[in-house]
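Here the structure comes first, spelled out in structure tokens, and everything after it is commentary.
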Amino acid sequence: MSPSRPTWVAGNWKMQGSLAGNAALVTALKAGLPKALKGEIVLCAPYPYLEQVARLLSGSEMTLGAQDVSAHAAGAFTGEVSAAMLADFGCRYVLVGHSERRQLHGEADPMVAEKFGAALQSGLRPVLCLGETLSEREAGQTEKVVIRQMEAVLALHGVAAFQNAILAYEPVWAIGTGRVAAPEEAEAVHRTLRERLAAEDNAIAAGLRIVYGGSVKADNAPSLFNQPNIDGGLIGGASLKAEDFLAICRAANF
Ligand code: 13P
């Protein structure tokens, strides 16, 4: 973490939760966190629970996020949810290009870039998820892959669009596997992304939050967050248990 950038930590609940479970989780998080937060803590709930979680979050500085968004503004797109709808329900952030969307739902770079733009259009902040697969890492392609994923957005929206965005580096091989990237490994990728963006605009690159996701737990969070270019985390499994998520937030100095 660097003192020049506010820390950002989000819980991505994925397709998990229930009315009763969400209420217990958010209540415990509110009780365990200080009222005034030094950075941002975001809860990315499944669509049907957004209204409930927004209500539960009242009186807290934690904010609401969603896990995906349509690339389209409105129309005949059965099953999709627009950025304006998410904004209507109080979302401030939305994940775009999560590896599970890329791998299981065939979302390629151009669609992810469109979703990024749709989020911005409605005043949401996109969280652009990037990351290589295990075979790409083993083939020495890591930097090439994440730069390509970021450049798809740069090409469509320009560097200014990153002023209101978050980058989340999530190596696919680390997601839900218990196999976390070594802090130096993750730091090297974050630095590469920041340097690529700095070639377009130094100030935007310096201010951009780049967070790490993939098997972050209370015990490995401190060494990850100690790296100068790791500005927080995107937490999956460990965001579902209040004690675990609170410990990670504490490691991020909340
Ligand atoms: P895990 O923390 O469960 O590995 O998930 C990471 C993730 O995909 C967050 O978006």
Side-chain angles (χ1 to χ4, degrees), residues 7-17 21-22 25 29 39-47 49-50 53 62-69 86 91-107 112 115-116 119 124-134 136-137 142 145-146 149-150 165-183 185-186 189-190 193 209-225 227 230-252:
T7 310
W8 193 92
V9 173
N12 172 12
W13 294 355
K14 309 194 180 185
M15 199 175 74
Q16 291 157 128
N22 303 343
L25 176 59
L29 294 178
E40 289 180 85
I41 297 177
V42 183
L43 302 182
C44 299
Y47 290 146
Y49 298 122
L50 289 175
V53 177
M62 286 186 283
T63 53
L64 186 64
Q67 301 172 14
D68 186 30
V69 65
L86 297 178
C91 287
R92 298 272 301 281
Y93 289 93
V94 63
L95 309 183
V96 297
H98 191 281
S99 74
E100 287 147 21
R101 302 295 316 172
R102 292 180 189 263
Q103 295 205 309
L104 306 174
H105 300 271
E107 293 188 13
V112 174
K115 291 186 172 201
F116 187 103
L124 297 176
R125 292 170 175 235
V127 180
L128 175 62
C129 303
L130 316 164
E132 81 287 4
T133 62
L134 186 58
E136 288 165 339
R137 170 160 284 263
T142 299
V145 169
V146 297
Q149 291 171 333
M150 187 172 75
I166 301 280
L167 281 191
Y169 170 53
E170 297 203 297
V172 179
W173 48 271
I175 295 178
T177 58
R179 187 177 161 193
V180 66
E185 262 174 348
V189 177
H190 287 222
L193 289 165
R209 264 93 50 94
I210 308 180
V211 305
Y212 170 82
S215 296
V216 178
K217 308 282 179 232
D219 58 350
N220 57 36
S223 56
L224 287 161
F225 297 163
Q227 301 293 321
I230 300 184
D231 304 309
L234 180 53
I235 320 301
S239 71
L240 297 169
K241 282 201 201 123
E243 269 324 300
D244 294 349
F245 192 59
L246 285 169
I248 291 168
C249 292
R250 282 186 211 110

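Each ligand, and each atom within it, is numbered from 1 in the order the structure gives.
- Judged by distance alone, the side chain of Q227 and the main-chain N or O of L224 form no donor-acceptor pair under 3.5 Å.
- With hydrogens and angles disregarded, a donor-acceptor distance shorter than 3.5 Å links the side chain of H98 to the backbone of E100.
- Test V53, L95, L64 against C44 for side-chain contact (heavy atoms from CB on, under 4.5 Å) and you get one pass: L95.
- Salt bridge annotation for E185-R137: present, with a cationic side-chain nitrogen under 4.0 angstrom from a carboxylate oxygen.
- Between L43 and the choices N22, L29, T63, the side-chain contact (heavy atoms from CB on, under 4.5 Å) rule is met once, by L29.
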Which pairs of nitrogen or oxygen atoms, taken one from ligand 1 and one from the protein, are under 3.5 angstrom apart?
residue: ligand 1; atom: 2 (O); partner: G236; partner atom: N; Å: 2.9
residue: ligand 1; atom: 3 (O); partner: G237; partner atom: N; Å: 2.8
residue: ligand 1; atom: 4 (O); partner: G176; partner atom: N; Å: 2.6
residue: ligand 1; atom: 4 (O); partner: S215; partner atom: N; Å: 2.7
residue: ligand 1; atom: 5 (O); partner: K14; partner atom: NZ; Å: 3.3
residue: ligand 1; atom: 8 (O); partner: K14; partner atom: NZ; Å: 2.8
residue: ligand 1; atom: 8 (O); partner: H98; partner atom: NE2; Å: 2.8
residue: ligand 1; atom: 8 (O); partner: E170; partner atom: OE2; Å: 3.4
residue: ligand 1; atom: 10 (O); partner: N12; partner atom: ND2; Å: 3.0
residue: ligand 1; atom: 10 (O); partner: H98; partner atom: NE2; Å: 2.9
residue: ligand 1; atom: 10 (O); partner: E170; partner atom: OE1; Å: 3.2
residue: ligand 1; atom: 10 (O); partner: E170; partner atom: OE2; Å: 2.9

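- Remark: side-chain polar atoms of R125 are not paired, donor with acceptor, to backbone N or O of R92 under 3.5 angstrom.
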